[in-house]
Amino acid sequence: MLDILDIALLFFMAVTAISILRLKNLFAVVMLGGIYSLLSALIFVNLDAVDVAFTEAAVGAGISTVLMLGTLALTSREEKQEKKPSHKIWLPLMVCIATGAALVYGTLDMPRYGDPNAPIHKHVAPRYINDSMDEVGMPNIVTSVLASYRGFDTLGETTVVFTAVVGVLILLTGRRRRDKREPTLEELEEQEEEV
Amino acid sequence: MMFAAAAAALIVAIFLGLIRAYLGPTIYDRILAGNMIGTMTVILIAVHGFLAGRPEFLDIALVYALINFIGTIAILKYFRFKDLGHAGTDKGREEVEDDA
């Protein structure tokens, strides 16, 4: 059943991507982008990566949609019709197929899904499980990994998230509105006095 | 079996929403389609928890509902004020600017 769910969701994602390519209404494209993120979040849940799914839904379906809408408010809502394609489609198509084939070939060497002998389960995980209580003294292993073993990594992530939040706040609130009305007489006099 | 049937029905509902988001024709069809697929995602995560025998992730579905709600509010605010940085009063933007 879960495999069927995966196949159905991947099919929907393909349908959404093709719809995004075909639509000229940019608002519909933004909405379909949010839907695409929700579908990929469902796939991550199906793969038991709940935290990744959570990030995908918050960033992809939440923040990205809002930022795209902010962009649409500043630009046009319709894509401009191109008179004739300025390039042939065959070269990009070949590049895509070749890259995709190389990536699929690369996955053939990967360990099977959930294989207990995979390198990720052999390398550092046993040390975390066995020694983290003595070395860090935290009952929750995930917390000790995030805050101690990968402390610098977490510090960098926090910096990135903080910078992103500040940037979004500036973009959303600090934008100057174009002033269309004529300046009043008092304002002109003030400007002259300043000069 | 019951949860499998529910998941199948949700998949069909998501597909119908996808068709509506593609065809439009109005903006509100698309907003509703996106909102509906978000709701279906919440329910599908809950159903998936029981289907996979791990209902611990039910809390996650609640937070998805919150994200969905905030997203819809942002989209509607964009249509009301054409600007997401607007403080958001009861009046439309034109009226606010006339008062200023």
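When all heavy atoms of A:Leu38 and B:Gly34 are compared, the pair lying nearest together is CD1-O, 4.4 Å. In plain terms, the two heavy atoms of B:His48 and A:Val45 that are nearest each other are CE1-O, 3.6 Å.
Side-chain contact between A:Met31 and B:Ile75 is present, with at least one heavy-atom pair separated by less than 4.5 Å. Side-chain contact between A:Leu42 and B:Ile14 is present, with at least one heavy-atom pair separated by less than 4.5 Å. Inter-residue side-chain proximity for B:Ile31 and A:Phe27 is flagged as met; some heavy-atom pair is nearer than 4.5 Å.
For a residue to count as touching a neighbouring chain, one of its non-hydrogen atoms must lie under 4.5 Å from one of that chain's; by this rule A:Asp48 touches chain B with the side chain only. In this structure, chain B has heavy atoms under 4.5 Å from both the backbone and the side chain of A:Ala28. For a residue to count as touching a neighbouring chain, one of its non-hydrogen atoms must lie under 4.5 Å from one of that chain's; by this rule B:Leu10 does not touch chain A.
For A:Met68, the CE atom counts as loosely surrounded, since its 6.0 Å shell holds 12 or fewer non-hydrogen atoms of other residues, nucleotides or ligands.
Grouping the Ile, Leu, Val, Met, Phe, Trp and Tyr side chains by contacts below 4.5 angstrom, directly or via other members, places A:Phe12 apart from A:Ile18. Cluster annotation: A:Ile129 is connected to A:Val136 through the hydrophobic network of ILVMFWY side chains, with a link wherever side-chain heavy atoms come within less than 4.5 Å. The hydrophobic cluster containing A:Val145 does not contain A:Met133, counting ILVMFWY residues as joined when their side-chain heavy atoms lie under 4.5 angstrom apart, directly or transitively. Tracing side-chain contacts under 4.5 Å through hydrophobic residues (I, L, V, M, F, W, Y), one never reaches A:Leu146 starting from A:Val124; they form parts of separate clusters. Under the 4.5 Å side-chain contact rule for hydrophobic residues, B:Ile37 and A:Val59 do not share a cluster.
Taking non-hydrogen atoms and a 4.5 Å limit, the residue list of residues 62-71 of chain B in contact with chain A, ordered by number, reads B:Val63, B:Tyr64, B:Ile67.
A:Met110 forms part of no hydrophobic cluster, judged by ILVMFWY side-chain heavy-atom separations under 4.5 Å.
In this structure, OH in B:Tyr22 is found 5.5 Å from CG in A:Leu23, a value given to the nearest 0.5 Å. For the atom pair CD1 (A:Ile4) and CD1 (B:Ile11), the distance works out to 10.0 Å, reported to the nearest 0.5 Å. A distance of 9.5 Å separates OG of A:Ser19 from CD1 of B:Ile19, quoted to the nearest 0.5 Å.
When A:Ile20, A:Val30, A:Ile63, A:Leu72 are compared by the number of non-hydrogen pairs under 4.5 Å with chain B, A:Leu72 comes out ahead. Ranking A:Val15, A:Asn46, A:Leu9 against chain B, the residue ahead of the rest is A:Asn46, based on heavy-atom pairs under 4.5 Å.
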Can you give each donor-acceptor pair under 3.5 Å made by side-chain atoms of residues 159-170 of chain A, sequence neighbours left out, with the distance rounded to 0.1 Å?
{"from": "A:Thr159", "atom 1": "OG1", "to": "A:Leu155", "atom 2": "O", "distance (Å)": "2.7"}
{"from": "A:Thr163", "atom 1": "OG1", "to": "A:Thr159", "atom 2": "O", "distance (Å)": "2.6"}

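Considering only residues two or more places apart in sequence or on other chains, A:Asp153 meets the side-chain contact (heavy atoms from CB on, under 4.5 Å) condition with A:Arg150, A:Glu157.
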